Amino acid sequence: LDSAIWLFLEMLPRKLRPNDHLLTVLVSGLCKSGSHHKAVDFWCKLSENGFTPNIVTSNALIHGLCRSGSLKIAAQVLKMMLEKGMELDNITYNTIISGTCKEGRLDEAFKLKESMVKRGLKPDNVTYNTLMQGLCDSGRMDEAMLILNDFEKECLSPDLFTCSILIEGYCKIKEVDKGKLFLGKLNNWNLRPNHVLYNSLIGGFCKIGTIKEASDLVKEMKIKGIARTVVTYSILMHGLCSIGCVEEARDVLKMMREDDIKPNVICYTLLVDGYCKMGNMEEARNMFDDMSSSGIDPNKLTYTALMNGFCKVGKLKEASNLLDEMINGGIIPDAATYRVLLLGFCKQGSMEEAYRISQLMLKKCNFSD
RNA sequence: UAUUUACAAGGUUCUU
């Protein structure tokens, strides 16, 4: 990415207009890889040289900044966009409304919706869905439901995002049956249910401990021709593991094979963690080894789950071997990983090994955690 | 295949 930036900056004095699509890809790529400061610098340099990025590229930057929790910087970029005379669009507003909601500042998010109206823009489905999501995240389901009136007032029609946000909201507060009622309302909105709606409900039933209802919904998906996904089955596995039914969760792998869906690293991590939580470290290790032979590489979360398991049963040597193994494999541990190990060693009174690990952490860490 | 909204995995006050 750095050489891509360099190349683009080289073009500036030659009065070559960089390709807008590529600029957008580059800016969002920089943000995704955590270099949002570089993305901002890049945007500024382009502006200073008379090549102010267009609205799409600028929106991508705003989005990247919102995602990394840098709303303050996003506001500064927004200000510069306005100074350059850029016309903000719905996507700009929807993006910052979403970012503001994610920070829990709902009042401010609603004010932003008002200011987009003042600017002559018409809030759309994404705007209302985003605000709804904010309300659902805070458990304010009654207010979320009231947004449906706004849809009608604005002659908008709720979409599958609207439905899944509401279903997920009800599932989160364990009112799964209320969520399920939306399946019946879809016809009124000319919608056909999709896998996300079902996945959310399956998760809801798992959460309230009614695995039977959950697996019935999987059957219903098959009957109705709604595609199951790896998420569908991982939700089921998570539900089973969380009530201690790891063997049943493992059987889900068979269901997946019959359904021609390949398990991914998340599925295996669920099983590794499931066995760890049961204290069955032998099977946990077996699963860990199985996944490699299935060609799926364990990631940071897989290692941390397994290390946590070994720590809990006092096998600290195994845990610290895993730390070395993951680092040698090029997987960067994070704060959660180190916390598991440090807690494990401290509890057992092995302060020297805890110290060694903390030194390792300080040497390797990127200070973001 | 240029930008915005929905679904899955690890640590989380302590003890067990």
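We use all heavy atoms of the structure for the numbers below, so side chains are in, but hydrogens, waters and symmetry mates are not. The sequence lines fix the lettering, A, B, ..., with proteins before strands; numbering per chain opens at 1. Keep in mind that this is a model prediction, so the values were computed, not measured.
Aromatic ring orientation, A/Tyr128 versus A/Phe151: tilted (interplanar angle from 30° to 60°).
When heavy atoms are screened at a 4.0 angstrom cut-off, A/Thr337 is found touching base atoms of the nucleic acid. Within the nucleic acid shown, A/Asp124 has no heavy atom closer than 4.0 Å to any nucleic acid atom. A/Asn264 comes within 4.0 angstrom of a base, heavy atoms only. Among the heavy atoms of the strands lying under 4.0 Å from A/Asn54 is at least one base atom, whether or not backbone atoms are also near. If you check every strand for non-hydrogen atoms under 4.0 Å, A/Asn19 touches nothing. The residue A/Lys312 sits apart from the nucleic acid: no heavy atom pair falls under 4.0 Å. At the heavy-atom level, A/Lys102 lies under 4.0 Å from the strands shown only through sugar-phosphate atoms. Across all strands, A/Thr24 comes closer than 4.0 Å to base atoms (heavy-atom distances). Among the protein residues, A/Leu160 comes within range of the nucleic acid bases, having at least one heavy atom under 4.0 Å from a base atom. Residue A/Ser164 is classed as a base contact, given a heavy-atom separation below 4.0 Å to a base. A/Val340 comes within 4.0 angstrom of the backbone, heavy atoms only, and of no base. Here A/Asp20 lies in heavy-atom contact (under 4.0 Å) with a base.
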Full working for salt bridge (charged side-chain N to carboxylate O under 4.0 Å, His left out) between A/Lys212 and A/Asp216: CA-CA 6 Å; A/Lys212 173 79 169 60; A/Asp216 282 350; 2.9 Å; yes
Candidate pair A/Asp251 and A/Lys254, rule salt bridge (charged side-chain N to carboxylate O under 4.0 Å, His left out), full reasoning: CA-CA 5 Å; A/Asp251 288 339; A/Lys254 287 180 200 147; 3.3 Å; yes
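Note on A/Lys102 versus A/Asp137: no salt bridge recorded, every NZ/NE/NH1/NH2 to OD/OE distance being 4.0 Å or above. A salt bridge does not link A/Lys180 with A/Asp177: every distance from a Lys NZ or Arg NE/NH1/NH2 to an Asp or Glu carboxylate oxygen is 4.0 Å or more.
Contacts between chain A and RNA chain B, taken as any atom within less than 4.0 angstrom of a protein heavy atom, begin and end at B/A2 to B/U15.
A/Phe288 has its ring centre less than 6.0 Å from the ring centre of A/Tyr303.
Taking the P atom of each, B/G11 and B/U15 are spaced 15 Å apart, rounded to whole Å. When the P atom is used for both B/U12 and B/U16, the distance is 13 Å, rounded to whole Å.
Judged purely by distance below 3.5 Å, without hydrogens or angles, the side chains of A/Glu108 and A/Thr100 never pair a donor atom with an acceptor atom.
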